[in-house]
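Here is how names work: the chains are called A, B, and so on, in the same order as the sequence lines, proteins then strands, and each is numbered from 1.
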Protein chains: 2
Amino acid sequence: MVALAKERQAKTAVRALRSSAAAAVTKLALPLGQILRGDCIERMRELPTASIDLIFADPPYNLQLGGDLARPDGSHVDAVTDHWDKFDSFERYDTFTREWLTEARRLLKPDGAIWVIGSYHNIFRVGALLQDLGFWILNDIVWRKANPMPNFKGTRFTNAHETLIWASRSEKAKYTFNYRAMKTLNDELQMRSDWVLPICGGPERIRKDGVKAHPTQKPEALLYRIMLATTNPGDVVLDPFFGTGTTGAVARRLGREWIGCEREEDYIAVAEERIAAALPLDESALTTMMSKRSAPRVAFGQLVESGMIAPGTALFDRKRRWNASVRADGSIAAGDQLGSIHGVGSAVQGAPSCNGWTFWHIEHEGEVKPLDALRQLYLLAVED
Amino acid sequence: MVALAKERQAKTAVRALRSSAAAAVTKLALPLGQILRGDCIERMRELPTASIDLIFADPPYNLQLGGDLARPDGSHVDAVTDHWDKFDSFERYDTFTREWLTEARRLLKPDGAIWVIGSYHNIFRVGALLQDLGFWILNDIVWRKANPMPNFKGTRFTNAHETLIWASRSEKAKYTFNYRAMKTLNDELQMRSDWVLPICGGPERIRKDGVKAHPTQKPEALLYRIMLATTNPGDVVLDPFFGTGTTGAVARRLGREWIGCEREEDYIAVAEERIAAALPLDESALTTMMSKRSAPRVAFGQLVESGMIAPGTALFDRKRRWNASVRADGSIAAGDQLGSIHGVGSAVQGAPSCNGWTFWHIEHEGEVKPLDALRQLYLLAVED
DNA sequence: GTTCCGTATGAATCCTAAC
DNA sequence: GGTTAGGATTCATACGGAA
């Protein structure tokens, strides 16, 4: 029994090693920590297939501002009028979007994912194309801006949010989602699809001679949450529209690898300086709360084997509607039902499934506890 | 000069009279206050061109759900499995959407507008098609649900919002927007593009024999805000997916005319009864319905995310009896205790509970401060 | 009458490693 | 590739009955 388990463990370890060795070779071939100069579609074509864990993209928004916009006091609004944000028509925007998304999908590992941020000017086109290309949307996230620019003319609702789409490479992908870290970050409540974050301003906003270095610099807090939620340390993050390098700065801080594409030399210079100044966090600060899914597994039999629970011990659910007794091999018996704590739990309830760890209770040191409490004790005792 | 001006005035008056007379005739020809039975595209084809002021549409979302879903307590989640939400492919969904949107555009007056609500499953396709057909998007509005259904399996972010698109018939349309009404409704602040409203439940939710009459009934508060913002009294509002008639009920209460299309006889019966019982506008009811605002809540993780507190930072209690260090996900570590500021605070003291905001302190700008002081700073930075 | 507690439920693309 | 067994997972409301 023990020998078999060890053999299985060894096989798994070998598989993991092989696959991580292949990944390491691929990773070596990548221009990690570099900003690739020029058109992002061309630069992406030069990168190897299935090599990227996560893509974050903040593409041009296709803004169609009719002429200049003035505040009520007559002062001029510094709108997005840079030449890279002009497209003749939706058709041209779609062609451009389809091209870079196609390359993005080629670059992603099978279990990779993408984030794209946009506003109502472009996000519907991006979302529909993502679906058309085979990406699988996991969530749309609303970045609710704490301090948006008001609508000066009073002609519409204040445009107070932007939309992000999170999508895996395909429907079947086993994407990364650090559920527990997100729940911890949100004071023990599930993280919702609407995120309240301030816009990028103050000292974080990069200025050259008092002028914004980039018109749409994203707050680091936004990238922080994205990477914490959907990457692991060491993962490779690609940003095809790198701008002033928010993605690179946060990736470095969080111990993720990064690659950027950018055509504007001005932005590249700003980004390189900024990322060099970003300090990586040390490893202990980087550790996040693990989900039980990724924690080491304990079989119920181990608790019996270790003597923590004696064969013959009585188990019962919280309301003592059902009873069961523990047997020497770690199975349990309730009436004529025999099997694992999970199987018998679901059988007596007539439920399709059951977590025996939380369903069954036990008297331990004069208290009634769920089995899960004893598992925690076992884990503590086993850890060196 | 004066004579000329008078003549001009007279001509304008005649034109206005003619146009309003024409409008009155068109309006007479409309099936106002009626639910048109059958397929919405066929019924819309029978209505006159340029006769409608506003369209509100809550089309099928094309959810594409998998198997059954159970809550952690084992109970069953009642999903939307109705036949009307099933489509074979995105292509089929697009065809359906293009057809009803085309009719919708024909029916709208030149200065008319449309609202469509959806989720990430369908809204990107709807938005792109609106743009393709010549509609002009004015805002995308996020309905932030105060009480959404959680993500039971911990696999994604809680799907806590739905998206509405508000678009005029064309770029040049002089659409209706009651800016003052919205600002008044929002305590003299511009109404933003994110609206916090509870989902439809309690006495408002229509049930037959204890079972919900419609799986996706929308809250009246949502329609109230839409009609108040973008129609005038007497305007004609068309709802092609009438369901249980929320649009009709609210239109009646607000003194707007309405027309609905619906295929399902069960829904029609419910809607007719409901609208007949709808009372005329009651100002006090309106105020309470609209006054639900979001209370600012700050999670400790937000301070970490925003860069206000760096991972690795040392925390200590007022008497420096215990120390802890901040981790990247907003959890803290004190010895082998890991968890939230509150949980670790109570654990180290052996106390049943602890307010981590006042218990833990930090060195900030050369001073020792409770975390709560930094929370106040964060709130100041984030407030409008 | 009031408070407390248990239960029900809402547009949801809701598990995964090992064999 | 599919199948199976192990086992992980929930927030805000509303309501009814008990205390």
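Between A:Trp195 and A:Trp143, the distance separating the two ring centers is not shorter than 6.0 angstrom. Ring pair A:Phe177/B:Phe157: centre-to-centre distance below 6.0 Å. Taking the six-membered ring for Trp and the full ring otherwise, B:Tyr267 and B:Phe242 have centroids separated by 6.0 Å or more.
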In sequence, state the C-alpha distance, the side-chain angles, and the governing distance for A:Asp194 and A:His161, and then conclude on side-chain hydrogen bond (donor to acceptor under 3.5 Å, both in side chains).
CA-CA 10 Å; A:Asp194 53 326; A:His161 74 276; over 6 Å; no
Should B:Val126 and B:Tyr93 be marked as a side chain to side chain contact (heavy atoms under 4.5 Å, CB included) after you check the CA-CA gap, both sets of side-chain angles, and the distance that decides it?
CA-CA 9 Å; B:Val126 169; B:Tyr93 188 81; 4.3 Å; yes
Tell me, with the steps shown, if A:Asn178 and A:Thr176 meet side chain to side chain contact (heavy atoms under 4.5 Å, CB included).
CA-CA 7 Å; A:Asn178 298 317; A:Thr176 299; 4.1 Å; yes
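Residue contacts for A:Arg192: at a heavy-atom cut-off of 4.0 Å it reaches no nucleic acid atom on any strand shown. Counting non-hydrogen atoms under 4.0 angstrom, B:Val211 reaches nothing in the nucleic acid. B:Thr158 comes within contact range of no nucleotide atom at all, as no heavy-atom separation falls under 4.0 Å.
Across A:Ile114 and A:Leu101, no two heavy atoms sit closer than the pair CD1-CD2, 3.9 Å.
At the phosphate of D:dG6, neither OP1 nor OP2 sits under 4.0 Å from any side-chain N or O atom of A:His342. The side chain of B:Arg144 contributes no N or O atom lying less than 4.0 Å from OP1 or OP2 of D:dA12. Contact check, A:Arg297 against D:dG7: a side-chain N or O comes under 4.0 Å of OP1 or OP2.
Using the Watson-Crick or G-U wobble rule with both distances under 3.5 Å, C:dG6 pairs with D:dC15. With a 3.5 Å ceiling on both atom-pair distances, C:dA12 lacks any Watson-Crick or G-U wobble partner. Shown here, D:dG7 forms no base pair; nothing in the strands shown gives a Watson-Crick or G-U wobble contact with both key distances under 3.5 Å.
Applying the salt bridge (Lys or Arg N to Asp or Glu O under 4.0 Å) definition to pairs two or more places apart or across chains, those involving residues 58-84 of chain B are B:Asp58-B:Lys218, B:Asp78-B:Lys212.
Per the geometry, NZ belonging to A:Lys172 stands 13 Å off C1' belonging to D:dG1, to the nearest Å. Distance CG (A:Asn355) to P (D:dT10): 11 Å, rounded to an integer number of Å. Atom CD of A:Gln302 and atom C1' of D:dG6 are 13 Å apart (whole Å). For the pair A:Arg293 CZ and C:dA17 P, the computed distance is 9 Å after rounding to whole Å. Separating the CH2 atom of A:Trp357 from the C1' atom of D:dA5 is a distance of 15 Å, rounded to the nearest angstrom. One interatomic measurement links the two molecules: CZ of A:Phe300 to P of D:dA5, which rounds to 19 Å at whole-angstrom precision. Remark: C1' of D:dA8 and CG of A:Asn178 are 16 Å apart, rounded to the nearest angstrom. Here D:dT9 presents its P atom at 12 Å from CE of A:Met290, a figure rounded to the nearest Å.
Applying the 90° cutoff around 0 to the glycosidic angle, D:dT10 is assigned anti.
In this structure the side chain of B:Gln64 reaches within 4.5 angstrom of the side chain of B:Phe90, judged on heavy atoms.
Nearer the 5' end of DNA chain D, as judged by each residue's closest nucleotide, is the contact made by A:Gly343, out of A:Lys183 and A:Gly343. DNA chain D is contacted by both B:Ala146 and A:Lys292; A:Lys292 maps to the nucleotide lying nearer its 5′ end (nearest heavy atom per residue).
Only the C1' atoms considered, C:dA12 is 25 Å distant from D:dA5, to the nearest whole Å. When the P atom is compared between D:dG7 and C:dA11, the two are found 35 Å apart, to the nearest whole Å. With both ends at atom P, the span from C:dT13 to D:dA8 equals 23 Å, rounded to whole Å. Remark: the separation of the C1' atoms in D:dG6 and C:dG10 is 30 Å, to the nearest Å.
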Quick one: what's the B/S/- string for nucleotides 1-14 of chain C, heavy-atom cutoff under 4.0 Å, read 5' to 3'?
------S-BBBBBB
